[in-house]
Amino acid sequence: MRLSQYFLPTLRDDPKEAEIVSHRFMLRAGMIRQESAGIYSWLPLGLRVLKKIEQIVREEQNRTGAIEVLMPTIQSADLWRKSGRYDDYGKEMLRITDRHDREMLYGPTNEEMITDILRAGTQSYKDLPVNLYHIQWKFRDEVRPRFGIMRGREFLMKDAYSFDLNAEDAVHSYNKMFVAYLRTYARMGLKAIPMRADTGPIGGDNSHEFLILADTGESEVFFDKDLHDMDWSAFEVDYDDRDVVSGVVRDFTSKYAATDEMYVESEFHDKVEEKKRLSGRGIEVGHIFLFGTKYSEPLGAVVQDPDGKPVPVHSGSYGVGVSRLVGAIIESSHDENGIIWPASVAPFDVGLINLRAGDEATDNACQVLYDQMGDAGLDVLYDDKDDRAGGKFSRMDLIGLPWQVIIGPRGVKDGKAEVKNRATGERHDVEMSKVAAFLRDNSPESSA
RNA sequence: CGGGGCGUAGCGCAGCCUGGCAGCGCAUCUGCUUUGGGAGCAGAGGGUCGCAGGUUCGAAUCCUGCCGCCCCGACCA
């Protein structure tokens, strides 16, 4: 993509409404534009990141055997009356009336609808287990939206729903999602610590929130220092092996970690020796939850078991805040100059900077490199604009592409390109013809 | 929902107290000189001063009402 033909409205000054780093950089880098409180347009650069994150989430869901569907944003009130949540949900739910005076709502979540979909399509225990998910916009009319897309009213969420014949099978479904979440966040370069979460009236151990440590997080967290030493890479697992999967869950839940709502000081002190007690703040980027037959019973999601008896299915729901992750990644990966994208979610792989646009030799060298990198499968943003060097450097640092390939008359004379790593700041003089190979050899292995 | 604050050009702001030509910086456009970390000079374009009403010869400025947005707290992917 040539920058001269792209739409990238960057800002030099901080917009005054943006208090936290991710919000500031997203606005300045031209990723989003606010349309209303908690509602944003996604501009080209932001949309690219959103799609990358969405795709990683999708791939990791599919890997567990979960199946993608797409449910509408608008739902009928009827289903919510059946589950009893229409009145319970309160003002957070945006209620709409259509032209026939039918009561509709903009979905804040989809337990009712997915349970009804399953009910209609499943009659036998032989049809289970099944895990259906979708990645769809949600609307929750938050009292106070803030921090840009981190707490928007409209947000993109992956929500998965598992259905099993009995409680034991449901735990395996839950565990699979737990492991999938570890892998998902790891692939985005994040360490998201699973923490016991409030299970509300249902009880039990089976609810965890996944939190990214960040000063700007909305939750206060308490955890064992040993968690930092766990293997946070996207390790391989056999999802069909119940023991392996539950073993991973056991490992990652063996160390104390709790958000303020579950935190009990005496328990923390009991389980963690003093020098290993850490506390801080975290951003919730996922929440998984096993709720048994809470929705299947009222909505009649029943299958026949091997004895021919009708039994309500056991379910769980599993959410990932896809749009929130864009902000969370920036919170955990930036410097004073701008964003530092992990390669897996970067909007482009490389920024090619032409320091002397209009100079024939420099233009030609850039064109050759642009084609070369494109042929090598790299996604390149080519800054071919007739701007000054300083502005180009600043803008490229701001938008945070993993690599910058800098071409000026100086290098062109020697046949050399300057390759800069955005994260480390390291610069390498690389022969023009070897730039694509250099980037391939020095990029983090693709974890797909 | 309680408390605080803001609304003037794409972004950041001044002007309002004490009513009298709507300004500054950045950005944008044109020309020249420059050209490896946000250049210089000269010129130019861009505004329903959030909206409505009122007071006044005259309102960005004073008064009333409304709308929008931000921040802090109680709630949440």
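Per chain, numbering begins at 1; letters A, B, ... match sequence-line order.
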Separation between the C1' atoms of rG19(B) and rG58(B), rounded to whole Å: 8 Å

Side-chain donor-acceptor contact under 3.5 Å, D169(A) with H314(A): no

Base of rG38(B) and ring of F393(A) stacked, centres under 5.5 Å, planes under 30°: no

Sugar-phosphate, base or nothing in reach of G152(A), heavy atoms under 4.0 Å: base

Sugar-phosphate, base or nothing in reach of V320(A), heavy atoms under 4.0 Å: sugar-phosphate

Along RNA chain B (nearest heavy atom to each residue), the more 5'-positioned of Q404(A) and E209(A): Q404(A)

Counterpart residues, side chain to side chain donor-acceptor pair (under 3.5 Å), relative to Q367(A) (two or more places apart): R2(A), D371(A)

Nearest-angstrom distance from the residue atom CG of D159(A) to P of rA77(B): 12 Å

Sugar-phosphate only, base, or nothing, as touched by K420(A) at under 4.0 Å among non-hydrogen atoms: base

C1' spacing across the pair rA44(B) / rC62(B), given as an integer number of angstrom: 37 Å

Sugar-phosphate or base contact per nucleotide [nucleotides 26-35 of chain B; S, B, -; heavy atom under 4.0 Å]: SS------BS

Atom pair distance, as rounded to whole Å: CD1 in I53(A) and P in rA77(B): 18 Å

Nearest-angstrom distance from the residue atom CG of L398(A) to P of rG37(B): 18 Å

Set out, line by line, the N/O atom pairs under 3.5 Å between protein and nucleotides 70-73 of chain B.
unit_1, atom_1, unit_2, atom_2, d
rC70(B), OP1, Q34(A), NE2, 2.8
rC70(B), O3', E17(A), O, 3.3
rC72(B), OP2, R144(A), NH1, 3.4
rC72(B), OP2, R144(A), NH2, 2.5
rC72(B), N4, R144(A), NE, 3.4

Pair H208(A), Y174(A): side-chain N/O donor-acceptor within cut-off below 3.5 Å: yes

Atom-to-atom span, CZ of R140(A) to C1' of rC75(B) - whole angstrom: 12 Å

Touch class at under 4.0 angstrom, heavy-atom based, for G411(A) against every strand present: base

Given L3(A), I407(A), L369(A), N354(A), the one that forms side chain to side chain contact (heavy atoms under 4.5 Å, CB included) with Y382(A): N354(A)

Sugar-phosphate, base or nothing in reach of G391(A), heavy atoms under 4.0 Å: base

